[in-house]
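Down below is the structure, laid out as structure tokens.
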Amino acid sequence: MTSTVLDPPTTPTRTTTAPARPAASAPPGYRRLLSSPHVPRLLAGAVVGHLPVSMAPLALLIAVRAQGGTVGLAGLLAAAFGVSAAVAQPGWAALLERRGQTVTLVVCGLGSAACFLALAAVPPAGQPVWALVLTVAAGLCTAPLEAALRALWPEVTCGPAQLRTALSLDACAQEVVFIAGPLLVLALGVTVGGTAPLAAIGLLGLAGTLAFATSRPARHWRPAPAAPGPTSAAPTVPVGFVGPLRYPGTRTLALALLCAGTALGALNVLALAFAEHDHAPALTTVMPAALAAGSLIGSLVYGRLRRTGTLAGHARVAALGLLAGLVPLLLEPAPAAAVLVAVVPGLFLAPLLINVFAGLDQVAPSGLLHTAAAWMITSLGLGQAVGTALASTAVGAAAPLATALTGAAAAYAVLLLRRSTLAPHGPRPRTTANNAPARSRPMTASRRACRGRGPVADVRRRT
């Protein structure tokens with residue numbers, strides 16, 4: 001998931017060309033950002049193209065159970081999709097950095113759509129082996145839209161303040177994915193039923209991916225040369241898609257998201273267990289949507305706060321809040337109360353993700369930002385898959401509850417015990433998609449629009 005930043009990107013004092021604003025002016029708002037060239041299309045394409053990630057696990061769970069399959073099979077398919085989608089992201093991100101965005105994204109979109117359409121023709125409960133093969137293939141073809149958008153934001157925004165606004169809006173948009181996705185699965189299940197929702201998932205993902213990949217910023221984006229890493233001990237950025245994981249701070253953030261993802265994956269199975277126990281099928285989709293709604297609210301509120309303190313401290317508080325928000329589920333509340341309770345951990349999930357992705361600007365090498373962001377997405381997805389698998393080992397709510405609480409507690413422990421690895425490091429030159437320093441970047445339509453908002457001046461930014 002993408003996110004906003006806590007403070008201005010943590011680079012040493014330097015001079016860049018940016019639009020000057022009066023000192024008393026407020027940071028750029030969402031309305032101004034959405035009026036910028038290309039931004040609405042990029043956001044819409046990323047949201048629609050990312051819908052399969054939130055829809056497929058639930059659609060597989062419901063399809064298997066509707067055909068009389070076991071909870072174990074349903075959990076296996078959902079976990080297989082999550083694992084395959086997660087492990088493929090760093091590889092696709094590395095390909096983005098070598099070959100550009102359009103070709104990579106189109107190939108992923110076509111492959112994913114083909115797999116989901118084939119999966120819709122195979123009854124998962126009746127042909128589990130073929131269903132597993134196609135599920136894994138669909139996951140492997142998941143387009144790296146989040147990593148691609150993360151790299152494009154600096155190209156379509158005007159300076160660090162609007163970049164922060166863009167990352168906050170991006171985080172909100174991704175929460176819309178996890179609100180709309182479960183509700184779309186529920187609507188499709190009621191109206192058409194069967195495996196038709198799986199076909200719809202493939203077509204929606206393809207439409208969004210093509211809209212993003214054929215946009216002007218994606219077509220004109222070019223890989224940036226690798227810049228030195230954030231530590232003096234590692235002057236050369238490690239090559240390969242595992243390069244970012246050689247930095248301790250990146251490993252800390254990835255491990256924290258792995259643990260948090262375990263809690264999130266368990267919650268999907270917990271929703272299914274509550275739905276079957278209370279004979280309320282809608283809980284299967286409404287509880288995950290409530291969690292995402294809470295995360296959307298948390299992202300909007302957190303983005304408006306004037307924050308003090310360190311990024312690592314904010315992340316720890318958010319992880320602790322996520323754990324505390326899960327505790328009331330131990331009471332196994334009634335359906336209506338369960339939906340309300342599911343909102344609470346979401347309020348802290350968004351700030352956790354925001355600070356983790358913001359941390360990439362401090363701990364990841366600039367030349368591998370695509371891959372570093374993809375590793376965060378991979379860690380979260382792997383955690384969700386692990387949580388889904390562990391929570392599906394027994395019937396009832398006990399296993400998913402224990403898995404969710406353990407995962408959230410582990411995320412907090414990682415951020416607490418490894419907090420020293422998240423301290424900002426030394427110089428990290430910023431490169432652009434045009435392989436040129438920020439001051440000499442070609443004047444795109446977005447940059448021309450920035451110039452029209454006021455005189456251009458050299459603005460010194462200090463960490």
Side-chain angles (χ1 to χ4, degrees), residues 47-89 91-92 104-145 177-178 180-210 265 268-269 271-272 281 284-285 288 377-378 381-382 384-389 392:
V47 167
V48 176
H50 199 52
L51 280 173
V53 175
S54 66
M55 295 176 68
L58 289 171
L60 289 167
L61 286 170
I62 293 173
V64 171
R65 293 297 283 164
Q67 295 173 8
T70 65
V71 174
L73 176 60
L76 174 64
L77 292 180
F81 177 82
V83 169
S84 56
V87 299
Q89 291 300 296
W92 289 123
T104 304
L105 293 175
V106 169
V107 168
C108 289
L110 291 174
S112 177
C115 292
F116 275 114
L117 290 173
L119 189 59
V122 176
Q127 300 183 46
V129 175
W130 277 110
L132 180 61
V133 170
L134 290 171
T135 298
V136 170
L140 290 174
C141 291
T142 299
L145 288 168
V177 170
F178 290 93
L183 297 179
L184 281 173
V185 171
L186 178 61
L188 289 169
V190 171
T191 55
V192 294
T195 56
L198 295 172
I201 290 171
L203 295 176
L204 282 171
L206 177 62
T209 301
L210 290 179
N268 283 337
V269 182
L272 178 62
T284 306
T285 54
I377 300 164
T378 292
L382 283 175
Q384 288 177 301
V386 170
T388 300
S392 302

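A quick note: this is a predicted structure, and the numbers were derived from the prediction, not measured.
- Counting only distance, with no hydrogens or angles, the side chain of Trp92 and the backbone of Leu140 share a donor-acceptor pair below 3.5 Å.
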Exercise. Tell me, with the steps shown, if Leu186 and Thr284 meet side-chain contact (heavy atoms from CB on, under 4.5 Å).
Key: CA-CA 9 Å; Leu186 178 61; Thr284 306; over 6 Å; no
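- Side-chain contact between Leu210 and Val106: present, with at least one pair of heavy atoms (C-beta onward) separated by less than 4.5 Å.
- Under the 3.5 Å distance criterion, the side-chain polar atoms of Thr388 are matched with a main-chain donor or acceptor of Gly265.
- Nearest heavy atoms, Val53 versus Phe81: CA-CE2, 4.2 Å.
- Leu145 CG to Leu51 CG: the interatomic distance, rounded to the nearest 0.5 Å, is 10.5 Å.
- When all heavy atoms of Thr135 and Leu77 are compared, the closest pair comes out as CG2-O, 3.3 Å.
- In terms of heavy atoms, Ile201 sits closest to Ala59 at CD1-CB, 3.8 Å.
- Across all their heavy atoms, Ala80 and Ser84 have their closest contact at O-OG, 2.8 Å.
- Proximity of a side-chain donor or acceptor of Thr142 to a complementary backbone N or O of Gly139 within less than 3.5 Å is detected.
- One distance of note links CG of Leu184 with OG of Ser54; it measures 8.0 Å at 0.5 Å rounding.
- Shortest non-hydrogen contact noted between Phe116 and Pro52 is CE1-CB, 4.2 Å.
- At distances below 3.5 Å, not a single donor-acceptor pair connects side-chain atoms of Ser112 with backbone N or O atoms of Gly109.
- Side chains of Leu60 and Leu198 form a contact here, defined as non-hydrogen atoms less than 4.5 Å apart.
- Shown here for Leu188 and Met55, the closest heavy-atom pair between the two residues is CD1-CE, 4.1 Å.
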